[in-house]
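Atoms within a ligand are numbered from 1 in the order they appear, just like the ligands themselves. Every heavy atom of this structure was used, including side-chain atoms; hydrogens, water molecules and symmetry mates were not.
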Amino acid sequence: MNIERVGVVGGGQMGAGIAEVCATAGMDVVIREINEEAAALGETRLRRSLERAVTKGKMSEADRDAALGRVRFTTDLEAMADRQLVIEAVVEHEPLKLEIFQALDNIVTSAEAIFASNTSSLPITRLATCTKRPDHVIGMHFFNPVPVMRLMELITTVVTDPEVAANAEKFATETLSKTVVKAKDRAGFVVNLLLVPYMTEAMRMYEAGHATAEDIDNGMKLGANHPMGPLELADFIGLDTMKLVADVLFEEYKLPHYAPPPLLVRMVEAGMLGRKTGKGFYQYPT
Ligand code: CAA
């Protein structure tokens with residue numbers, strides 16, 4: 001199957017980024033958001049990122065306009081009916097994802113269509129088996145910011161059709177120019193299973209008064225050449241997402257070092273979600 005029509009469910013940071021790379025690669029893209037306000041926010045995200053690509057000299061104005069012309073926002077999930085690939089990128093809330101996959105199963109007409117989830121940690125198998133086409137459901141996990149990060153994790157389950165996996169890999173590498181890392185359907189896949197405990201360990205270190213946030217971050221930036229320190233990166237990802245992923249890792253492996261540290265839990269309860277709310281381990285202009 002030659003994929004030309006892509007659907008993205010969710011126009012947040014990840015969904016808008018995924019839609020952007022698909023549109024830039026020449027795909028016809030439909031993004032579904034929950035209401036008009038969220039759709040407008042998603043469109044602003046997409047426009048800003050494309051603008052940044054132009055400012056950085058990565059894209060011409062003509063290519064930006066062409067990419068924008070290939071994207072349509074909708075609040076109607078039925079608009080996914082003719083899609084050949086649908087990528088779900090909503091919040092890490094399993095009941096919501098299950099509801100979306102079940103609905104897509106009834107809406108998307110082609111039996112060949114691929115359903116993908118951008119989940120950071122939830123089992124793809126559970127999303128797959130809630131549909132009548134579990135062999136066509138796969139994990140396509142992108143990294144933030146999607147237009148800049150070169151990796152995509154490809155997650156297959158014990159029931160994934162090998163042809164579906166090959167198609168999804170071809171799409172990621174040839175169409176989107178991403179590098180693919182393949183992982184089994186285990187919570188955290190490859191990157192988050194390593195990255196999330198590293199970041200929560202930094203939070204424990206900070207909470208224990210072992211070092212300041214700035215020193216922890218500078219330590220890893222200057223001593224290990226990371227582009228962002230662990231606390232800065234947690235703020236960038238979103239502390240709510242961090243907590244959700246840590247919860248899933250702990251639930252899967254039952255190892256204490258995967259559990260979210262109390263400070264992270266309290267910050268999320270207090271609405272300190274990092275960059276998106278202007279307050280996390282650091283303060284940001286809102
Ligand atoms: N489109 C295309 N290219 C863009 C762009 C855009 N919208 N915005 C920036 N770029 C390019 C720039 O041109 C630049 O490229 P060159 O090096 O070739 O010039 C590069 O991206 C870096 O951009 P900047 O110099 O403007 O920005 P920066 O140096 O401040 O870097 C950053 C910003 C890329 C976000 C960097 O800080 C970084 O890599 N941080 C770590 C990000 C990370 O680890 N993400 C993964 C999070 S985990 C995750 O997402 C998974 C999960 O499930 C939780």
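Between the side chains of Thr125 and Asp185, at least one donor N or O sits under 3.5 Å from an acceptor N or O.
For ligand 1, the 4.0 Å heavy-atom shell takes in Ser49, Arg52, Ala53, Lys56, Lys58, Ser120, His141, Phe143, Asn144, Pro145, Pro147, Val148, Met149, Asn192, Leu195, Pro227, Met228, Leu233, Ile237, ordered by chain and residue number.
Applying side-chain contact (heavy atoms from CB on, under 4.5 Å) to Leu249 and the options Leu255, Val196, Leu244 leaves one that passes, Val196.
By the 4.0 Å N-to-carboxylate-O rule, Glu20 lies too far from Arg45 to be salt-bridged with it.
Ring pair Tyr253/Tyr258 is tilted by interplanar angle, where 30° to 60° counts as tilted. The aromatic rings of Tyr282 and Tyr284 stand perpendicular to each other, their planes meeting at an angle above 60°, with 30° marking the opposite boundary.
For the pair Thr109 (side chain) and Ala81 (backbone), a donor-acceptor distance under 3.5 Å is present.
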